[in-house]
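Here's the structure we're looking at; comments come further down.
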Amino acid sequence: MRRRRRPLDDRITALAQAADLAEGRVDPALVGRAREVVARAGARRGLSLRHTVAAVAGATGSGKSSLVNALAGAELVEVGVTRPTTAKAQAVVWGPEGSGPLLDWLDVPLRHTVGASVADAEEQSGLILLDLPDHDSIMLSHRLEVDRLVAVVDLLIWVLDPQKYADAAVHERYLRPLARHRDVVIVVLNQIDRLPGPAVSRCLAHLRRLLAADGLTDVPVLGVSARSGEGMAELQALLNERVTRRTAWAARLAADAATAAFALRGHAPPAGAASGAAGVPRARVGALVRALEQAAAVPVVVNAVAKAHRHRSATATGWPVTRWLRRLRPDPLRRLGLTRSPAGRTSLPPATSVQVAAVDAAVRELGAAAADGVPEPWATAVRHAARSREGELADALDRMVAVSAETRAPRWWRAAGALQWLLAGAMLLGALWLLGLFVLDWLRLPPPPTPTAGELPWPTVLLLGGAVLGVLVALLCRLASWFGGWRRARKAARALRAGVERIAGELVVEPIEAELRRYRRFLEQVEVAAAR
Ligand SMILES: Nc1nc2c(ncn2[C@@H]2O[C@H](COP(=O)(O)OP(=O)(O)OP(=O)(O)O)[C@@H](O)[C@H]2O)c(=O)[nH]1
Ligand SMILES: [Mg+2]
């Protein structure tokens, strides 16, 4: 069963998208060519679709003008003995109504209308034959005119003659690049009247083989003679059939879209479409995260978090007698600029050149691993994407570290601090009491009665008890803060790891994946634009 062809609109939309996706990745000339096809499709569909423009192309003297005249049944275009004869393309129009803008667009000002007396004018109505100059001309202007029109007409009639049909020029320059245009190419071997009978079929068979080698299998190949009229009826019938179908213009553009799409995709199409673009290998992300942690001084920060916790605990719950000594030492987190204070840069030491190089290497390796299996030039685009936001890493890490390192003071510190002041107060009370007793004794005054707790007098109990308990509470708090510091360091390490992973994801992995997604969408669009 024959599959239904994709509508031209879908193909052209897909080609336009493929060109947009290829922008900045694929050779700009190829992107430009794809956009030209899109523009041409837009222009052509806005012009007469009842007309089919068929260019008659071939070498000088092959009989193009003679064929056009024979088809028109009148001497409309000049047939010459001096070569080359035709210098500018001329149009012969069957049913010219509405063909003006189309011919203006084609920039063919020389136009002939076939008289109404032509017997089968009805059937042919809508045919526009363009008699082209010679493609192999000594005149550059002729060749330019041929190339310009061959690129835009709906149907191509290649006229070859028995002497020159195997010329490499026409096969290499024109026929081979039309391999996808099989549906809109007709090959005519003219002047068969000059060949002896059996040579005609030999010649045609040879020509068919040459065309097959060009990739043009199954194109119609007709042997004709513009002079004797042999084979002309068949050519006429074939043209009539194409003209009545009125689909040559769309087939032409579909073939152009396919050619442009394949050119965009390049010569190394991946076996199973986007099979190469597997994604970002997770293991390599781990290596990048580790390199980023070193560059962001995460170990230093984690260490500082533990130390800061212990330091702050000591200043809040330490023995009040020696606590002030602690306050003389700077807060480890504040020293690194890692306090809740103004948002902005920390004073962490900047990454060393070795750490920076390690990050760069990890980023590149990640890009290279993701590009593995992706054909050029997309592989380069993927590698480039990996590094596209590398410059933002340092700042993002610094900001993230400043936020993740924050710790809050536990509530029990307050209670412990209050207890310490209570014990210090008791100690002070005991000391003052004893001092009073000492002064009275020194003055030889009778001592007031001193209450005792068991054997020991209360002032002594207050002084010694306050001191011993104060030191004990301080020691217990220190033990607790040691564990607290350790726990907070672990928590900070986890938070920092998550932060580094997020940054690696955002600034390195995501750009890579975006590029891979772009590549996969590009392949899909190429597939649609080029589908047969
Ligand atoms: N024997 C023979 N001569 C032909 C045939 N077709 C054309 N000729 C002759 O070949 C010569 C060239 O014909 P043209 O029609 O001018 O050829 P052309 O391809 O238009 O040439 P340019 O305009 O120079 O590119 C003329 O003398 C024609 O009479 C044919 O089928 N058989
Ligand atoms: Mg001519």
Side-chain angles (χ1 to χ4, degrees), residues 53-93 103 106-114 127-151 153 155-171 173-175 178 185-204 206-207 220-239:
V53 184
V56 182
T60 184
S62 56
K64 300 180 292 296
S65 302
S66 308
L67 263 179
V68 169
N69 284 338
L71 286 166
E75 296 295 308
L76 296 177
V77 292
E78 193 194 345
V79 172
V81 226
T82 53
R83 303 261 70 86
T85 309
T86 311
K88 288 289 281 176
Q90 303 189 37
V92 174
V93 190
L103 287 166
L106 291 167
D107 195 16
V108 178
L110 294 167
R111 302 163 195 180
H112 306 270
T113 304
V114 179
L127 174 63
I128 299 176
L129 282 181
L130 294 186
D131 181 21
L132 296 192
D134 45 334
H135 67 69
D136 57 347
S137 192
I138 43 164
M139 309 293 288
L140 175 66
S141 63
H142 292 198
R143 298 198 301 257
L144 291 177
E145 175 93 333
V146 172
D147 290 355
R148 180 176 77 77
L149 287 165
V150 161
V153 295
L155 200 60
L156 287 155
I157 304 170
W158 283 96
V159 182
L160 307 174
D161 63 57
Q163 272 124 53
K164 295 195 281 184
Y165 72 87
D167 264 12
V170 67
H171 289 274
R173 253 199 95 191
Y174 293 99
L175 294 172
L178 288 169
V185 170
I186 294 171
V187 176
V188 170
L189 182 67
N190 189 30
Q191 305 186 15
I192 54 166
D193 59 294
R194 298 171 66 183
L195 290 172
V200 173
S201 52
R202 260 209 318 275
C203 228
L204 284 171
H206 185 210
L207 175 56
V221 180
L222 304 176
V224 306
S225 165
R227 179 163 294 177
S228 73
E230 204 181 335
M232 287 304 289
E234 281 167 57
L235 177 59
Q236 185 84 68
L238 184 62
L239 282 176

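Quick note: residue numbers are just sequence positions, from 1. Counting convention: from 1, in listed order, for ligands and their atoms alike. Any value given below was found using the heavy atoms of this structure, including those in side chains, with hydrogens, waters and symmetry copies removed.
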Once you round to the nearest 0.5 Å, how far does [atom1] of [X] lie from [atom2] of [Y]?
X      : Y      : atom1 : atom2 : value
Glu234 : Met232 : CD    : CE    : 11.0 Å
Leu129 : Ser65  : CG    : OG    : 11.0 Å
Leu204 : Leu189 : CG    : CG    : 5.0 Å
Thr86  : Asp131 : OG1   : CG    : 4.5 Å
Leu160 : Leu175 : CG    : CG    : 7.0 Å
Asp107 : Arg148 : CG    : CZ    : 4.5 Å

So is there a nitrogen or oxygen of [X] less than 3.5 Å from a nitrogen or oxygen in ligand 1?
X      : result
Thr60  : yes
Ile192 : no
Ala226 : yes
Gly63  : yes
Glu78  : no

Open item on the list: With the threshold set at under 4.0 angstrom, would you say Ala59 reaches ligand 1 through any of its heavy atoms?
Closed with: yes
Task: Sub-4.0 Å heavy-atom approach of Gly58 to ligand 1 - done: no
- [ ] Answer yes or no for Ser65: is there an N/O/S atom below the 2.8 Å cut-off from the Mg ion (ligand 2)?
- [x] yes
Task: Metal site the Mg ion (ligand 2): N/O/S of Thr86 inside 2.8 Å - done: yes
- [ ] Answer with side chain, backbone, both or neither: which part of Lys64 has a heavy atom less than 4.0 angstrom from an atom of ligand 1?
- [x] both
Task: Asp193, portion touching ligand 1 at heavy-atom distance under 4.0 Å - done: side chain
Which of the atoms in ligand 1, numbered in the order shown and given with their element, are less than 4.0 Å from a heavy-atom of [X]?
X      : answer
Ser66  : 6 (N), 7 (C), 13 (O), 14 (P), 15 (O), 28 (C)
Ser62  : 19 (O)
Asn190 : 5 (C), 6 (N), 31 (O)
Arg194 : 1 (N), 2 (C)

Task: Among Gly61, Ser228, Pro162, closest by any non-hydrogen atom to atom 10 (O) of ligand 1 - done: Gly61
Open item on the list: Let's go through Ser228 and Asp193 carefully: what are the C-alpha distance in whole Å and the side-chain angles of both, what is the deciding distance for side-chain hydrogen bond (donor to acceptor under 3.5 Å, both in side chains) to 0.1 Å, and is it a yes or a no?
Closed with: CA-CA 7 Å; Ser228 73; Asp193 59 294; 5.0 Å; no
Open item on the list: Angle between ring planes, Tyr174 versus His135, binned at 30° and 60°: parallel, tilted or perpendicular?
Closed with: tilted
Open item on the list: Determine whether a donor-acceptor pair (N or O, by modelled atom type, separation under 3.5 Å) exists between the side chain of Asn190 and the backbone of Ala226.
Closed with: yes
Open item on the list: Check Asp136 with Lys164, please: is the shortest side-chain N to carboxylate O separation under 4.0 Å?
Closed with: yes
